[in-house]
Structures are given as C-alpha cells and as structure tokens.
Enquirer: 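Structure provided below as structure tokens; questions to follow.
Hydrogens, waters and symmetry mates play no part in the numbers below; they use all other heavy atoms, side chains included. Just so you know, ligand 1 is whichever comes first in the structure, and atom 1 is the first atom listed for that ligand.
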Amino acid sequence: MKVEGFELRRVAMPLVTPFRTSFGTQTARDILLVKAVTDAADGWGECVAGADPLYSPEYVDGAADVMRRFLIPALAGVGDADEVAGALHPFKGHRMAKAALEAALLDAELRGLARSLANELGSVADRVPCGVSVGIMDSIPQLLDAVGGYLDEGYVRIKLKIEPGWDVAPVRAVRERFGDVWLQVDANTAYTRDDAGHLAQLDEFDLLLIEQPLDEEDVLGHADLARVVKTPICLDESITSTETAVAAVRLGATRIINIKPGRVGGYLEARRMHDYCLGAGVPVWCGGMVESGIGRAANIALASLPGFTLPGDVSASGRFYEVDITPPFVMRDGHLDVPTGPGIGVEPIPEILDELTTSVEWIPLRSAR
Ligand code: OSB
Ligand code: MG
C-alpha cells in the first residue's frame, strides 16, 4: 500500500445533553478525524483526544500538532498498518494521535482487501451488548429519570459517573429504584488514598466494579485500595499499554480492565492487551470516548472479541448525538450489530460531514518508496 497523505478534519458535534464527569462538563465534541489516502483505498480514523487535557495529557489541538509536525512525517515509507506502531515508537506518549493514524491506515488497508476490521481483529460475535455511561446530575430525581430512560431503551448495564459528594447516595437511589440491574461507577481519578473507607461504603450495592478511583499514576494506591474495598477495581486512565496492564494486574491494582483503543495507542495494541487479559483470566470491556460513528464502528468490532465479557461503554449513536456523521448505530434488544463491511464498515455521509466540518487540512506524505 502506498500512502499519499492524510487529511485532518475537525468536526463540531453538539451533544444531546451535557455530559458531566468529575473532570468537567461537555456540551459538544470537537473531533479530529483522520482520512488516510492510499493507492488501496481511503481509510478513516477518529482521534479521541478531548478539547482540554482533563482526562489525559492529550488534547485535540495538541494531537493535530504532533501529527503534522512529527507523526505523519515519520510514516513516510510505511506500507501497512502493522508498521505504524514501530515507526511512531520513538515519539513518547501521544497515543490517541498515534491510534487515529493507525486506525485510518488499517481501515484503508482492510477496505483494499475487502475485509472487515471485526474479522481482522478476531471477532467471535455478530452483535455486542450495550452499556451506557450516565453523567453526574444536579439531583437524584433527575438521575433516576435519566437511568429509567436508558433502561427503557434497552441498555443492559448502567455506569454512573461519581465524584466526592455524588457517590453513595445516587448509587443507593439507583439500586433501590431499579433493583438488580448491572451497575458500575467511574470516578475518573476524583478520590485519594484517604477515601478508602468512604469508597468501601459502595460495597453493599453489589457493583460490577469501581473504575479509576485514584490518580492515574497511583497504581500502587489502587493495589492498596483493593485490599480495603471488596468491589473489583477496574483501571482506565492508568492503563496505557499492555505492559502497564500486566504490571497493574500483577500488583493487584486492577481485576478488570477498561480497554480504550485511543488511550492505549491503537486497535492493534488494544487487541494485544485483550489477548494478554484473556490468557490471564482478566475480564475486559470496551471503553468509550463519546465517539462519532467512525470511532464507534471500530469500537463495536473490538468489543466483539472473546475476552470482552462485560458490556462496554458501547452505546447507540443517539446516546450522545442527534445527528451522527455516519449512518447512526441503532440499538436493538440492548445490542448493536457488529459492522461486516470492508474496514470499519461505515463511512461519513458527505453532506452531514461537510455541514459539521470546521476545518480541513491536507498533509501529503513524502514517501521513501
Ligand atoms: O472515563 O470512561 C471514561 C467519556 C469521556 C472521557 C472519559 C470517559 C468517558 C465515558 C464515556 O465515560 C463514555 C462513552 O463514550 O460512552
Ligand atoms: Mg473511565
């Protein structure tokens, strides 16, 4: 495959409702889409970096900068997606930017071969169960309304975002109202080691897991916390590679892992992490980053691998977007169908994409071949 260059496109997508987490409130996504133009086919990737470096050190303007300044030039001479991680390895971090470039090349390559990403990754299912991530609300009645609405739609698992001051009471209220639904919480690093006793109060609610209670660098703190709290700890932010996953599992810091392809540097690394976890008996689930249909399609493919035994933050397009840039993913019976077409199986709808686009930049590749 000869790569001619990459189009970097920014897309502004309003959310159906504000999404509040312990690190901020989002009302729209400023998405960086990457289109790889090759002699095989064009391919699409989505960069999941947020507008601000609040979830991870990456942010969307920084991702675009590192792509154009360092990453894309380093891809000159790369002939297929397998070679991307090696070519970009000298550059530290910036995994979300790297993941988007690799995803675009992988999509192009697979489209050229008329093979689906799901097949390529090792999919074993034709549909995946849908979980939903529910933001922090102003009041418990408002939260109960939102959760009730999602359960009526068919979501099979509820994740509540928590932070100090919004934890035990909302979890108790949801448990009391909705009975034994699959329920878990995500703190996005909002607690400290001193909160161990407080977090242990969540044990009585039979949660599937507590996601990333402490700072992302405090892996040891999670291991200590796991000896106080009975509910399984699941790391998100702390896990940036298969190597960090292995270390966290061995330390006893995490019993379950949230795999987000952007956070770990791409779908191929995500598969590697999955393979390790499957072998080690560590359940995994597919995280979400409020993706458009481009990233969502690829996440659904990943979530259909055999080790993804827990429902992911894999929701319908309508959970976040009134209008998606691809044909919307619609939930049926609490599940989404795994795309079967070439590559990620979906493409942007040109008129909608153009309407939501805020800038486009073409970066040609000076190929060494
Ligand atoms: O921690 O899982 C997270 C969204 C943005 C940043 C971080 C997280 C989230 C979610 C999202 O919880 C969910 C989704 O895309 O469904
Ligand atoms: Mg999380």
Enquirer: What orientation do Phe91 and Phe70 show, parallel under 30°, tilted 30 to 60°, or perpendicular over 60°?
Expert: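 The rings of Phe91 and Phe70 sit tilted, inter-plane angle from 30° to 60°.
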Enquirer: Going by the rule ring-ring contact (aromatic ring centres under 6.0 Å, His included), which residues pair with Tyr321 if we only count those two or more places apart in sequence or in a different chain?
Expert: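 In terms of ring-ring contact (aromatic ring centres under 6.0 Å, His included), with neighbours along the sequence ignored, Tyr321 is linked to no residue.
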Enquirer: Sorted by first residue and then second, give each salt bridge (charged side-chain N to carboxylate O under 4.0 Å, His left out) pair with at least one member in residues 143-157; sequence neighbours left out.
Expert: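 Sorted pair list: Arg157-Asp313.
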Enquirer: Do Gln212 and Ser238 get their side chains close enough for a donor-acceptor pair, meaning under 3.5 Å?
Expert: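 Yes, a side-chain donor-acceptor pair sits under 3.5 Å.
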Enquirer: Hey, can you tell me if Tyr55 and Phe23 have their rings parallel, tilted or perpendicular (30° and 60° cut-offs)?
Expert: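 Tilted.
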Enquirer: Is it true that Glu237 and Arg263 make a salt bridge, defined as a side-chain N closer than 4.0 Å to a carboxylate O?
Expert: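 Salt bridge: no.
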Enquirer: Under a 4.0 Å heavy-atom cut-off, what residues line ligand 1?
Expert: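 Heavy-atom contacts below 4.0 Å: Phe19, Phe23, Tyr55, Ser133, Lys159, Lys161, Asp186, Asn188, Glu211, Asp236, Lys260, Gly288, Met289, Val290, Asp313, Phe320.
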Enquirer: For the Mg ion (ligand 2), which protein N/O/S atoms are closer than 2.8 Å?
Expert: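 Protein N, O or S atoms closer than 2.8 Å to the Mg ion (ligand 2): Asp186 OD2, Glu211 OE2, Asp236 OD2.
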Enquirer: For the residue pair Thr242 and Glu269, confirm or rule out a side-chain donor-acceptor distance under 3.5 Å.
Expert: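 A donor-acceptor contact under 3.5 Å links the two side chains.
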Enquirer: Does Arg127 come within less than 4.0 Å of Asp333, counting only side-chain N to carboxylate O?
Expert: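 Yes.
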Enquirer: Among Arg172, Arg175, Lys230, exactly one meets salt bridge (Lys or Arg N to Asp or Glu O under 4.0 Å) together with Glu204. Which residue is that?
Expert: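 Passing option: Arg172.
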